[in-house]
K.L.:
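Got a structure for you, questions after.
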Amino acid sequence: MSFFKTITTKPWEKKGVIGGLDPEGAINAPNEKVALSVFLVVISVVFSLFTVGYFLRMELPDWQPLSEPGQLWFNTGLLVLSSVLFQWARNIVNSESSKHLTAAFIGGGFFAIFFITGQLVIWSNLQDAGYYMTSNPANAFYYLMTGVHAVHLLGGLWVWSKSSIKLLSGSEAKSLKLSVELCTLYWHFLLIVWIVLFAILSNT
Amino acid sequence: MAYVPLADRDHEMELHHPHTWIGKWVFCQDHKVIAIQYGSIAIFTGLVGLVLSLLFRMQLGFPETADFIDPSFYYQAVTMHGMIMVIYLLTALFLGGFGNYLIPLMCGARDMVFPFMNMLSVWVFLVSVIILMASFFVTGGPTGGGWTLYPPQTTLAGTPGHDMGIVLMLISLAVFIVATTMGGLNYVVTVLQYRCRGLTLMRLPLAVWGIFVATILALFAFPALLVAAIMMLFDLLLGTSFFMPAIIESGTPLDHNGGSPILFQHLFWFFGHPEVYIVALPAFGLVSDVLSVHARKNIFGYRMMVWAIIAIGGLSFVVWAHHMYVSGMHPYFGFFFATTTLIIAVPTAIKVYNWILTLWEGDIRLNAPMYFAIGFIFTFIHGGLTGLFLGNVVIDLPLSDTYFVVAHFHMVMGVSPVLVVFAAIYHWYPKMSGRMYHEGMAKLHFWCTFLGTYAIYLPMHYLGFLGVPRRYYALGSTDFLPASAQDLNTTITIAALFVGASQLLFLINIIWSLRSGPKAGPNPWGAASLEWQTPDTPPVHGNWGDSLPTVYRWAYDYSVPGAHQDFIPQNTPESEEPTVDAEHFDPDTDGSKADV
Ligand code: HEM
Ligand SMILES: [Cu+2]
């Protein structure tokens, strides 16, 4: 039922039970997934606002664009691989199998850790080259936005590590299906956020 | 869909039953206990905010009588008062308090969808309050930059609390945002997914609609405050220049360069304006239900009320710059924001008309909650009308930063929601505690509060016209102000002290009645919505006994012709309570009045 149709019904006219066990308007998905989806929108707002701040601050005269190091391409590759592995894990649990699940799921998390390590390496290279946060707003935004992105990945890794422990201690694949699915969704989302951030940072 | 017995849906919910006192009252996952925890922390913090306001009013009304109120303390008190009232009292009380208590009950659910996260939310909220209060005890004291925290002023040496105070404030806000986000996800998912059988979205009481839409606003508006807080913390602690321009302080240039204070204002008000509706929408919803129950009439124009809530929620994201007219903006930019601001008055006015039309020809019961609800209509119209003045750029320019603005937002955002808070507490008190409050004392409390707050804020409009600026420690020798401005200030302070003291009536009433109030029974007002139909009063953990309720009608079947009572609970099947077509209804053969 469309939203518009919902809010134009006249509730005082019709009496009796409407809808099935779950009433009209409930979303046919696990509650955790609904919550995660709403949360992803919230995170999108956070990143959009940072981006708006970035573009507004850029207009001011003291802005000196930072030329992003090429290693970012390599890091992006790591994050893509991480997402690919998560997708693989998701496909495995969806096909009710558990073959290679450990490799895919745990591997996915490790590539995310490699990505964060790669980001830290770039940070320290930039520091060594004298691109300090205080010397220019472009630098400050670079550290800020990549940092906030990494923090979100760390949050994901925390959930991932809990599921990984369960997986390693022999939980059934079935019982982890939802966790795997939610992790995958979150990882894809953060990959998209990263690609957008990367595009903005390197084109300005 | 085939009929499936309701109990089947129950297995979704694993209730965690505590056995110890600590488990029951401290680490409790029951939404009702969490609601009371949220509400108590919020009200306690609010009392601190109230005392602060009385202290700075002392300075304004009786300058230099209390010598510990120096300019620094004055600014700190004003700042902390504003922030506490807006965020830690009203937002927390409406969403964390009423949202938690009412959403599961009104939706016919056993609890929130994620009870553990709900518990975490209240604890994180407590941490944010502790951090906030800690700023009173650090060197330099709390921040005195005004609740809007505008840089660079907040961070400069001339402003009290520019060192630790502001840092703690920003951290506390960030922690608060984490708490609200955890709570908010819960409320949204619960309203969407945990409604009981038959409870369509359009059968929800308006209280749930108001809280639901306000929660969505909170989820999308608080990120702006979070982003602003993070960037300001970077400026403060790491020496960046996001917001900080080049500044020369007593001859020495500071390390900052080129930042944009206006950028902060945009971020702040992109949060700040929706924030006023985060407070207002739940108040709208709650007051609608109180009015309808005590007028024994269905709410007038239910659908329009829902549309108005949604429309106000959407529009509130495109009006923020009306707080920044004086910051210097392109005239077309100002024109755009003036237009959207005035448009938002349309759905707001619709709501006001509908409240009044709900009262029209109602069988009004003048119980204490109804006093407060009707009082709200007065104060809200009053404050809304001054908003229309301020929404116009040319009128705002001279009035901005005067007491006229203070009067405006206290009428709409201070007095009005607080009257609703009282209406709602008195209205739901019998359900929450199982006992009745003292009616006479509650009415006395109403008159003191209603007339008292008018005595405070009405004169402020005149002060504003005279040009008395807000946030000034002392007026000094200002030629354009007549000496009588000071007399008015003294009067206002006396009224404020009176109103502050009269809140004791409220506290004494609800605390005393907890033990000594007469037993209230499950549904003393004869209300139709689900929370009044629980098998136990106060409802126990799990709310609904053996099986969840089923809903057959909307929440506003009051004074239905032909029904044997003047209300029909939402969970009464249509077979048990045939609804007579009003046009073919003959009152003479109606037996309903006999057994009421
Ligand atoms: C008819 C609708 C309204 C209009 C047109 C309106 C307009 C305005 C304008 C233009 C200002 C800026 C004044 C200035 O700083 O110069 C303002 C301030 C304010 N309004 Fe409203 N308003 C309306 C309703 C509300 C409501 C419903 C609330 C809260 C529940 C509210 C809360 C506030 C607050 C808190 C401020 C002052 C913030 C500050 O400067 O500290 N307003 N309003
Ligand atoms: Cu506003």
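Here is how names work: the chains are called A, B, and so on, in the same order as the sequence lines, proteins then strands, and each is numbered from 1. This structure is a prediction, so every number in the text was calculated from the model and none was measured.
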K.L.:
At a heavy-atom separation under 4.5 Å, does A:L56 approach chain B through its side chain, its backbone, both, or neither?
P.N.:
side chain
K.L.:
Step by step, work out the side chain to side chain contact (heavy atoms under 4.5 Å, CB included) result for B:T240 and A:F141.
P.N.:
CA-CA 9 Å; B:T240 55; A:F141 264 108; over 6 Å; no
K.L.:
Name the option with the most non-hydrogen atom pairs under 4.5 Å to chain A; the candidates are B:V227, B:D255, B:I262, B:L192.
P.N.:
B:V227
K.L.:
Taking every heavy-atom pair that is under 4.5 Å apart, which of A:V148, A:L49, A:V41, A:L36 has the most such pairs with chain B?
P.N.:
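Answer, by heavy-atom pair count under 4.5 Å with chain B: A:L49.
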K.L.:
Between A:T134 and B:L238, is a side chain to side chain contact (heavy atoms under 4.5 Å, CB included) present by the stated rule, with each step listed?
P.N.:
CA-CA 7 Å; A:T134 45; B:L238 302 174; 5.8 Å; no
K.L.:
For side chain to side chain contact (heavy atoms under 4.5 Å, CB included), just list the numbers for A:I7 and B:I310, CA-CA rounded to whole Å, side-chain angles, deciding distance to a tenth of an Å, and then say yes or no.
P.N.:
CA-CA 10 Å; A:I7 62 166; B:I310 296 171; 4.2 Å; yes
K.L.:
Measuring from A:K14:NZ to B:M202:CE, what's the distance to the nearest 0.5 Å?
P.N.:
14.0 Å
K.L.:
When rounded to the nearest 0.5 angstrom, what distance separates CD1 in A:I18 from CG in B:L201?
P.N.:
11.0 Å
K.L.:
Which bit of A:I27 is near chain B, if near means a heavy-atom gap under 4.5 Å: side chain, backbone, both or neither?
P.N.:
both
K.L.:
If you count heavy-atom pairs under 4.5 Å between each of B:F234, B:F242, B:F220, B:F222 and chain A, which one has the most?
P.N.:
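Of the options given, most contacts go to B:F242.
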K.L.:
Sort A:T8 into side chain, backbone, both or neither according to what part of it lies under 4.5 angstrom from a heavy atom of chain B.
P.N.:
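For A:T8, backbone and side chain are both near chain B.
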K.L.:
Between A:W12 (side chain only) and B:Y556 (backbone N and O only), is there a donor and an acceptor less than 3.5 Å apart?
P.N.:
no
K.L.:
Identify, with sequence neighbours excluded, every residue that meets salt bridge (Lys or Arg N to Asp or Glu O under 4.0 Å) alongside A:K33.
P.N.:
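Scan of A:K33 (salt bridge (Lys or Arg N to Asp or Glu O under 4.0 Å), adjacent residues dropped) gives A:E181.
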K.L.:
Go through the structure and list residues passing salt bridge (Lys or Arg N to Asp or Glu O under 4.0 Å) with A:D62, not counting sequence neighbours.
P.N.:
A:R57
K.L.:
Hey, are the side chains of B:L219 and A:V38 touching, using non-hydrogen atoms and a 4.5 Å cut-off?
P.N.:
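Contact flag for B:L219/A:V38 side chains = yes.
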K.L.:
Donor-acceptor pair, distance only, cut-off 3.5 Å: does the side chain of B:R553 make one with the backbone of A:K15?
P.N.:
no
K.L.:
Among B:L263, B:V306, B:N186, who wins on heavy-atom pairs under 4.5 Å with chain A?
P.N.:
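Highest number of heavy-atom pairs under 4.5 Å: B:L263.
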K.L.:
Would you name the heavy atoms of B:G198 and A:P23 that are closest together and state the gap between them?
P.N.:
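Closest approach of B:G198 to A:P23: N-CB, 4.1 Å.
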K.L.:
Quick check on A:F4: does its CZ atom have over 12 non-hydrogen neighbours (other residues, nucleotides or ligands) under 6.0 Å away?
P.N.:
no
K.L.:
What part of B:V551 is in contact with chain A, defined as an atom under 4.5 angstrom from a non-hydrogen atom: side chain, backbone, both or neither?
P.N.:
backbone
K.L.:
Using heavy-atom distances under 4.5 Å, tell me whether B:I216 contacts chain A through its side chain, its backbone, both, or neither.
P.N.:
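Neither the backbone nor the side chain of B:I216 comes within 4.5 Å of chain A.
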K.L.:
Can you tell which part of A:E32 gets under 4.5 Å to a heavy atom of chain B, answering side chain, backbone, both or neither?
P.N.:
both
K.L.:
Would you compute the distance between atom CZ of A:F50 and atom CG of B:L267 and round it to the nearest 0.5 angstrom?
P.N.:
9.0 Å
K.L.:
Taking atom CG of A:N31 and atom CE of B:M112, what is their separation to the nearest 0.5 Å?
P.N.:
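Spacing of CG (A:N31) from CE (B:M112) equals 13.0 Å.
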K.L.:
Could you check whether atom CZ of B:F116 has more than 12 heavy atoms from other residues, nucleotides or ligands sitting under 6.0 Å from it?
P.N.:
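Atom CZ in B:F116 is not packed in, count stays at 12 or less.
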K.L.:
With respect to chain A, which residue among B:L185, B:I230, B:T190 yields the maximal number of heavy-atom pairs within a distance under 4.5 Å?
P.N.:
B:L185
K.L.:
Under 4.5 Å heavy-atom distance to chain A, tell me which part of B:F243 shows up: side chain, backbone, both or neither.
P.N.:
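No part of B:F243 comes within 4.5 Å of chain A.
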